[in-house]
Every structure is written in structure tokens, then in C-alpha cells.
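So that the names make sense, note that chain A is the first sequence line, chain B the second, and so on, each numbered from 1. Side-chain atoms are counted along with the backbone in the values below, which use heavy atoms only and exclude waters and symmetry mates.
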Protein chains: 2
Amino acid sequence: MTLEIPEVVINRLPVYARALAALALDGETVVSSQTLGERLDVTPAQIRKDLSYFGRFGKQGRGYNVLGLLAKLREILGLDRKWRVCLVGLGRLGQAIAEYGGFEPQGFQIVAIFDSDPASVGKLVNAVHVHDSAELDSFLRQNPVDIGIVAVPAHAAQQVVDRLVNAGIRAILNYAPMTPHVARDVAVRNIDPVLAMQSMTFYIKKAEPSGK
Amino acid sequence: MTLEIPEVVINRLPVYARALAALALDGETVVSSQTLGERLDVTPAQIRKDLSYFGRFGKQGRGYNVLGLLAKLREILGLDRKWRVCLVGLGRLGQAIAEYGGFEPQGFQIVAIFDSDPASVGKLVNAVHVHDSAELDSFLRQNPVDIGIVAVPAHAAQQVVDRLVNAGIRAILNYAPMTPHVARDVAVRNIDPVLAMQSMTFYIKKAEPSGK
DNA sequence: GTCGCTCCGTTACGGATTTCACAAAGGTGA
DNA sequence: TCACCTTTGTGAAATCCGTAACGGAGCGAC
Ligand SMILES: NC(=O)c1ccc[n+]([C@@H]2O[C@H](COP(=O)([O-])OP(=O)(O)OC[C@H]3O[C@@H](n4cnc5c(N)ncnc54)[C@H](O)[C@@H]3O)[C@@H](O)[C@H]2O)c1
Ligand SMILES: NC(=O)c1ccc[n+]([C@@H]2O[C@H](COP(=O)([O-])OP(=O)(O)OC[C@H]3O[C@@H](n4cnc5c(N)ncnc54)[C@H](O)[C@@H]3O)[C@@H](O)[C@H]2O)c1
């Protein structure tokens with residue numbers, strides 16, 4: 001029954017959900033795989049196949065009910081609940097993350113911030129307390145957290161990841177430019193704009209005159 | 001000769017390069033695919049296969065020369081030159097990007113910033129001028145730029161992307177939570193931490209007690 | 001009620017990607 | 001020089017993933 005779902009499929013579902021939410025805001029009530037596919041640069045067959053891993057959500061001849069499918073996807077992904085998040089590292093990037101208004105509306109609630117710099121500890125950022133990172137373990141023991149965001153320098157990142165994992169966290173969003181090493185049952189996503197740019201240059205270096 | 005290189009391969013090369021740079025800093029002079037693979041959670045065969053698309057860089061019985069392979073990868077990716085980058089959108093995120101010190105050392109030079117808010121226009125951020133985004137086209141005509149970073153609200157992003165592409169830019173790093181539509185010869189990378197979290201929740205929602 | 005059109009769910013196919021496995025090459029030390 | 005150990009580069013096999021294609025359900029028109 002629960003046949004193994006490819007990770008690529010899981011990674012596409014939030015994209016579908018995001019598009020459906022946008023369509024709903026536009027007042028659309030139904031959408032076909034064709035239309036959704038055009039919007040997302042994905043073939044209609046791909047969308048239908050992806051969804052078919054989880055059930056039958058469409059109506060032949062019509063398409064999918066926008067709000068209905070959105071609700072289903074949110075349920076499948078576990079987005080129909082709140083998730084407790086902690087942030088480690090309150091440097092420039094950490095500040096931006098703490099103040100970013102895009103997480104909360106999606107159910108991701110930053111409940112604690114940790115930093116090793118005494119100058120930051122004790123502050124209140126966006127109504128969230130900044131703790132000494134030495135207290136990370138004891139805090140997480142008392143206040144379970146689901147997801148950890150790592151925004152410390154690369155040389156400290158593995159250690160932070162280890163502590164988060166040891167404290168029971170099984171999902172990590174890593175901004176440090178390194179590859180974290182974790183047990184197989186821990187989910188990790190890396191965000192690195194430099195890597196993204198470094199792969200694009202391969203494609204534009206060819207016919208690039210640029211130099212006037 | 002130039003057999004088609006899979007994009008997944010290209011996306012891994014910068015990761016290899018980053019690891020090699022770290023190894024070099026540690027004073028390592030040679031590395032085997034085995035050792036590199038352990039560090040990056042990639043199979044040795046994968047690394048060797050990826051590299052074999054481009055040539056023969058290793059020595060049997062020894063492995064790869066760290067600096068030599070790094071130089072080769074940088075050449076393959078086009079990282080052996082400077083790239084001119086412009087940033088569109090100087091909100092919270094744009095500020096953080098403009099001040100981030102991680103691009104310049106990798107050869108990505110932000111040469112111009114654009115925003116539509118008159119309050120920002122004319123400012124100097126990290127020694128870079130902020131232009132009115134109405135001047136985007138005329139500026140780019142006079143000052144060729146290779147890569148565009150989009151950090152505007154989602155509803156404005158497609159328009160910004162179109163203007164960048166029309167001005168000749170063929171690589172875009174998009175931070176807005178939407179799927180940009182571009183011609184096939186334009187490279188796009190999307191960065192969205194919310195999507196990343198929304199795919200992780202699928203994996204941790206199962207055995208997650210959490211609720212006390 | 002039937003026709004005709006749309007569009008889903010699914011299966012089968014084929015292409016792309018990863019893994020396997022091994023011959024050959026480099027290095028070391030007796 | 002030779003034996004032995006390591007590790008590469010690479011075809012072949014295995015796996016994974018995306019696309020095509022089609023039967024059939026829903027809907028509207030008449
Ligand atoms: N700033 C960006 O836009 C950006 C973008 C992408 C990636 N990154 C990466 O994110 C990370 C943070 O970047 P930044 O610019 O905020 O750096 P930063 O130096 O401004 O901040 C790092 C913060 O981490 C804290 N810290 C260090 N070690 C710690 C530890 N063991 N436990 C807890 N806190 C610790 C420091 O006190 C500091 O506040 C870096 O790895 C960087 O490469 C940054
Ligand atoms: N802040 C973050 O940490 C973060 C993280 C991920 C993604 N994002 C996304 O990045 C984008 C920017 O986020 P933000 O928090 O900086 O928003 P913001 O509202 O603070 O800034 C947006 C900026 O874009 C400018 N702008 C608007 N329309 C423009 C146009 N047509 N041309 C040029 N400039 C224009 C505005 O003047 C403003 O300065 C959003 O799409 C957001 O969802 C932000």
C-alpha cells in the first residue's frame with residue numbers, strides 16, 4: 001500500500017501547493033493538470049502521476065478542485081498543523097531569518113533562537129528569546145522542537161547539527177556552506193546561493209561575449 | 001565530443017569544488033573518490049563517473065591532486081573568471097544579500113542594485129549604487145551584467161525576470177516564492193526555504209510524537 | 001438520451017541516472 | 001624486478017523516473 005514515494009515527488013508537492021494557494025487567491029475554483037503544468041513548467045502527466053501516488057483527487061472532464069486539492073496536499077505533507085522551529089546562529093543571516101515574515105503564515109513558528117555570542121544572548125528578536133547555545137540541549141529537552149535552522153559559520157555547523165540531532169530534532173534546514181553528516185532518518189535541506197550560482201555559470205560561460 | 005552532460009552532474013560539481021577547497025585549507029594534497037565521497041555523502045563511483053564526463057584527472061592507486069582537480073573544476077564551471085551580478089529588490093532580504101560577504105571571494109561581484117522605492121534609490125549599500133528599477137534596461141545596456149538576483153515580492157517577480165532576460169541576462173537566482181517563466185536558454189535557480197521545510201515535514205510527520 | 005469534448009488515473013515504455021564490477025595503472029618495498 | 005596494494009576510468013547492469021497513450025468518467029448541448 002504505502003509503496004515507496006520518490007523524494008523528487010515529495011519535493012514537487014509543496015510547489016503544487018504553493019501554486020494552488022495562488023490560484024485560490026485569484027478566485028479560481030478548479031484547475032486542470034494542463035493549466036497547472038503550464039504555470040509550473042511541469043508536464044501535465046507528471047502532475048497526475050505524482051498525485052496518483054496518494055489517491056484520486058480529480059474529476060475527469062473538469063480537473064481538480066483548487067481548495068480541495070490544496071487541503072489534500074497540506075495533509076499529505078503534514079502542513080495541517082503547526083511546526084515548532086528553532087534557529088541557531090543570530091548573525092546577519094540569522095537576523096534576516098528571524099525577522100522574515102514568510103514562515104509563520106505557513107505554520108512554521110520560531111520558538112527559540114540560540115547563539116554563542118554573549119552580546120546576543122538575552123535579546124528579544126521578533127518576540128523570540130535568544131538563548132546561549134550552551135543551553136541548547138537542556139532547552140530542547142523541556143521544549144520539544146521539530147525543525148532546526150542552522151545559520152552559523154561552516155566550521156561550527158557540524159557540531160551544531162550534531163547537537164540538534166542528539167536533542168531529537170529530525171529535520172534541519174542548513175544555510176552553512178558545507179555538507180552536514182546525519183543519520184539516515186534525519187531530513188536535511190541545504191540552502192546555498194553560491195552553489196546555485198556556480199552551477200549556472202557552466203551554462204552561460206559558453207556563448208557569453210560579455211566582455212563587450 | 002561534447003556529449004550532453006546531465007544537469008544533476010553539473011549541480012554536483014560545485015559541491016565537489018567546495019569540498020576540495022576545504023581540503024586544501026586543511027593542507028591535504030591528494031584525495032581519493034572514497035574519501036571525498038564520505039565527506040559529501042556521495043558514492044565514490046558517482047564522483048568518478050561525474051568527473052569522467054570531462055576528462056581523466058586522477059591517478060590510479062593515489063587519487064586526485066586536490067589543487068589540480070579544484071582548478072579543473074573551476075575551469076569547467078567557468079569559475080576562473082569574475083562574474084558581474086545585479087540585485088533587484090532591496091528589502092530585508094536584498095539588504096542581507098548585498099551585505100553578504102560570501103559572493104565576492106567566489107568571483108561574484110554585485111555591480112548594481114535596483115529598487116522601485118524612491119526612498120532606497122540613490123543610496124550606497126556595501127559600496128554599490130542603488131538605482132531606480134525604471135533604469136534597469138538602460139543601465140544593463142551600458143553595463144553588461146551576467147547574473148541577476150531577484151529579491152522582490154512574488155507578484156513583481158515575473159515582470160522583473162522578463163526585464164532582466166530582455167536585457168540579455170541568461171542566469172537568474174530567484175528568491176521570490178514563485179516559478180519564473182523563461183526561455184529555454186536562460187538558467188534559473190530558485191531559493192525558497194519555505195518549500196524546503198514543507199518537503200521535510202513529510203518525512204517527520206510520521207513517527208513524530210512531539211505533541212507532548 | 002446521445003454526442004462530443006475534456007481531462008483524469010494508470011499502465012507500459014523508454015530514457016536517464018546510478019551502481020556495479022573489473023581491467024589496467026601507479027606506487028611501495030623487498 | 002616482482003609481488004602486492006590501492007584506486008582510477010569505464011562499459012554493462014540495474015534502478016529510478018518521466019512521458020506517452022488510452023480507457024473511461026464527467027459535463028454540456030441539443
Ligand atoms: N548572510 C547571508 O546572506 C548568507 C547567505 C547564505 C549563507 N550564509 C551562511 O550562513 C552562515 C551565517 O552567515 P552570517 O553572515 O550570518 O555569519 P555571521 O558571522 O554574521 O553570524 C554567525 C553567527 O553564528 C554565531 N555562532 C558561531 N558559532 C556558534 C555556535 N557554535 N553556536 C551558536 N552560534 C554560533 C555567531 O555568534 C554569529 O552570531 C554562514 O555559514 C554563511 O556562510 C549566509
Ligand atoms: N527576507 C527573507 O529572509 C526571505 C527569504 C526567502 C525569500 N524571500 C522572498 O524574497 C522576496 C523579498 O523579500 P523581502 O523580505 O526582502 O521583502 P521586502 O518587502 O522587504 O522587499 C521587497 C523590495 O522589493 C522592492 N520592489 C518591489 N517591486 C519592485 C520592482 N518591480 N522592481 C524593483 N524593486 C521592487 C521593494 O521596494 C522592496 O524594497 C519576497 O518575494 C520574499 O518572499 C525573503
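Nucleotide dC16(D) holds its P atom 11 Å from the OH atom of Tyr53(A), rounded to whole Å. Taking atom CG of Leu36(A) as the reference point, atom P of dG9(C) lies 13 Å away to the nearest angstrom. Here the P atom of nucleotide dC8(C) and the NZ atom of Lys72(A) are 17 Å apart, to the nearest Å. Atom C1' of nucleotide dC8(C) and atom CG of Asn65(A) are separated by 15 Å, given to the nearest angstrom. To the nearest angstrom, P of dC17(D) lies 9 Å from CD of Glu7(A). Look at CG on Leu69(B): it is 16 Å from P on dT7(D), rounded to the nearest Å. Between the CG atom of Asn11(A) and the P atom of dC16(D) there is a distance of 16 Å, rounded to whole Å. When the P atom of dT10(C) is taken as reference, atom NZ of Lys49(A) falls 11 Å away, rounded to whole Å.
The shortest distance between the side-chain N/O atoms of Arg56(B) and the OP1/OP2 oxygens of dT10(D) is below 4.0 Å. Regarding contacts with the backbone of dT19(D), a side-chain N or O of Thr43(A) is found under 4.0 angstrom from either OP1 or OP2. Between Gln46(A) and the phosphate of dG18(D), there is a side-chain N or O to OP1/OP2 separation shorter than 4.0 Å. The side chain of Ser33(A) contributes an N or O atom lying less than 4.0 Å from OP1 or OP2 of dC8(C). Between Tyr64(B) and the phosphate of dG9(D), there is a side-chain N or O to OP1/OP2 separation shorter than 4.0 Å. Listed pair Gln34(A) / dC7(C) fails the phosphate criterion, with no side-chain N or O lying under 4.0 Å from OP1 or OP2. Under 4.0 angstrom from either OP1 or OP2 of dG18(D) there lies at least one side-chain N or O belonging to Arg12(A).
The two residues Leu67(A) and Ala24(A) have their closest heavy-atom pair at CD2-CB, 3.8 Å. Listed here is the closest heavy atom pair of Ser33(A) and Ile47(A): O-CD1, 3.7 Å.
Residue contacts shown for Arg48(B) include a base, since a base heavy atom lies under 4.0 Å away.
Closest to the side chain of Pro6(A), from the set dC17(D), dG27(C), dG26(D), is dC17(D). Checked against dT8(D), dT17(C), dT10(D), the side chain of Val8(B) finds its nearest nucleotide in dT17(C). Distance from the side chain of Gln60(A) is smallest to dC8(C) among dC20(C), dT18(C), dC8(C).
Atom CG of Leu73(A) and atom CZ of Phe57(A) lie 7.0 Å apart (nearest 0.5 Å). Separating the CD atom in Gln198(B) from the CH2 atom in Trp83(A) is a distance of 11.5 Å, to the nearest 0.5 Å. Rounded to the nearest 0.5 angstrom, Thr35(A) OG1 and Glu28(A) CD are separated by 8.5 Å.
When each of Gly61(A) and Thr35(B) is assigned the nucleotide of DNA chain D bearing its nearest heavy atom, the one mapping closer to the 5' terminus is Thr35(B).
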